Amino acid sequence: MWVLVFFDLPTDTKTHRKAAARFRKDLLDDGFAMFQFSIYMRHCPSKENALVHIKRTKRALPKHGKVGIMQITDKQFGMIELFIGQKETLPETPSQQLELF
């Protein structure tokens, strides 16, 4: 399962820029990786684990701007066609992650 977070946050004031930077940092601290400039993704081994990370993302939402959260399966993620320029590239494979309980 993959969790994608995409957002459009205001950056017109110092306060907005700080909130946007904080939100991106929170995503990175929670194991998300940048897919594109305003799209971050994270592989989760189960739906339950995905829900934990979605809940954390919701707690970190800034007061202003638009944020979307999407869950897709590994199969759906594998069907993404990615291009750098006109050259097709392969989607990122999930890294092994050790979870301690």
Side-chain angles (χ1 to χ4, degrees):
M1 169 112 349
W2 289 85
V3 177
L4 284 86
V5 177
F6 35 93
F7 52 88
D8 185 16
L9 302 177
T11 57
D12 50 337
T13 67
K14 185 176 181 179
T15 304
H16 287 163
R17 284 190 297 275
K18 191 172 184 176
R22 178 82 237 166
F23 183 66
R24 285 191 295 274
K25 184 178 181 324
D26 288 343
L27 289 174
L28 292 171
D29 289 346
D30 194 30
F32 283 83
M34 188 184 341
F35 185 69
Q36 289 186 353
F37 288 121
S38 293
I39 303 174
Y40 285 69
M41 64 181 186
R42 186 186 201 291
H43 184 262
C44 297
S46 67
K47 183 152 182 83
E48 292 78 19
N49 183 258
L51 294 174
V52 168
H53 294 287
I54 289 170
K55 188 182 281 188
R56 284 184 193 157
T57 301
K58 287 179 179 179
R59 281 196 309 256
L61 289 173
K63 291 182 181 179
H64 304 283
K66 297 179 185 178
V67 177
I69 301 172
M70 180 189 312
Q71 299 174 59
I72 61 174
T73 64
D74 289 332
K75 183 176 180 179
Q76 291 168 324
F77 187 81
M79 292 187 290
I80 294 175
E81 294 184 66
L82 296 174
F83 298 87
I84 297 178
Q86 293 182 347
K87 184 178 178 182
E88 188 168 3
T89 62
L90 296 175
E92 182 177 315
T93 57
S95 60
Q96 293 293 333
Q97 185 172 1
L98 178 63
E99 291 190 27
L100 301 174
F101 298 93

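As the structure is a prediction and not an experimental result, all values here were calculated from the model.
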Qualifying salt bridge (charged side-chain N to carboxylate O under 4.0 Å, His left out) pairs with a residue from residues 18-27, counting only residues at least two apart or across chains = Arg22-Asp26, Lys25-Asp29
Looking at CE of Met41 and CD of Gln36, how far apart are the two atoms once the value is rounded to the nearest 0.5 Å?
-> 10.0 Å
Tell me, which pairs form a salt bridge (charged side-chain N to carboxylate O under 4.0 Å, His left out) where one or both residues lie in residues 44-58, sequence neighbours left out?
-> Asp30-Arg56
Kindly compute the distance separating CG (Asp74) from SG (Cys44), expressed to the nearest 0.5 Å.
-> 10.0 Å
What pairs with Phe32 under ring-ring contact (aromatic ring centres under 6.0 Å, His included), at least two apart in sequence or on another chain?
-> none
Same apolar cluster (I L V M F W Y, side chains within < 4.5 Å links), Leu61/Ile54 = yes
Minimum heavy-atom separation for Leu9 to Pro62, with atom names?
-> CD2-CG, 3.6 Å
Closest heavy-atom pair, Pro10 versus His16, reported as atoms and distance to 0.1 Å, is O-CB, 3.2 Å
All side-chain contact (heavy atoms from CB on, under 4.5 Å) counterparts of Phe37, not counting sequence neighbours | Met34
Taken to the nearest 0.5 Å, the spacing of Met79 CE from Ile72 CD1 works out to 8.5 Å
For the pair His53 and Leu27, evaluate side chain to side chain contact (heavy atoms under 4.5 Å, CB included) and give the outcome as yes or no after the intermediate values.
-> CA-CA 9 Å; His53 294 287; Leu27 289 174; over 6 Å; no
Determine yes or no for a side-chain-to-main-chain donor-acceptor pair under 3.5 angstrom, with Asp8 supplying the side chain and Lys66 the backbone.
-> no
Should Val52 and Val5 be counted in the same cluster of Ile, Leu, Val, Met, Phe, Trp and Tyr side chains packed under 4.5 Å apart?
-> no
Check the pair Thr57 / Val3 against side chain to side chain contact (heavy atoms under 4.5 Å, CB included), numbers first and verdict last.
-> CA-CA 10 Å; Thr57 301; Val3 177; 5.8 Å; no
Determine whether Phe23 and Leu28 make a side-chain contact, defined as any pair of heavy atoms from C-beta on separated by less than 4.5 Å.
-> no
Can you sort out the partners of Tyr40 under ring-ring contact (aromatic ring centres under 6.0 Å, His included), two or more places apart, ordered by chain and number?
-> Phe7
Of all heavy-atom pairs between Gln71 and Ala50, which one has the smallest distance, and what is that distance?
-> OE1-CB, 4.2 Å
Looking at CZ of Phe77 and NZ of Lys75, how far apart are the two atoms once the value is rounded to the nearest 0.5 Å?
-> 16.0 Å
Can you name the residues that form a side-chain contact (heavy atoms from CB on, under 4.5 Å) with Thr11, not counting sequence neighbours?
-> Arg17, Ala20
Find out whether Thr15 and His64 are in side-chain contact, i.e. whether some heavy atom of one side chain is under 4.5 Å from a heavy atom of the other.
-> no
For the residue pair Trp2 and His43, categorise the inter-ring angle as parallel (less than 30°), tilted (30 to 60°) or perpendicular (more than 60°).
-> perpendicular
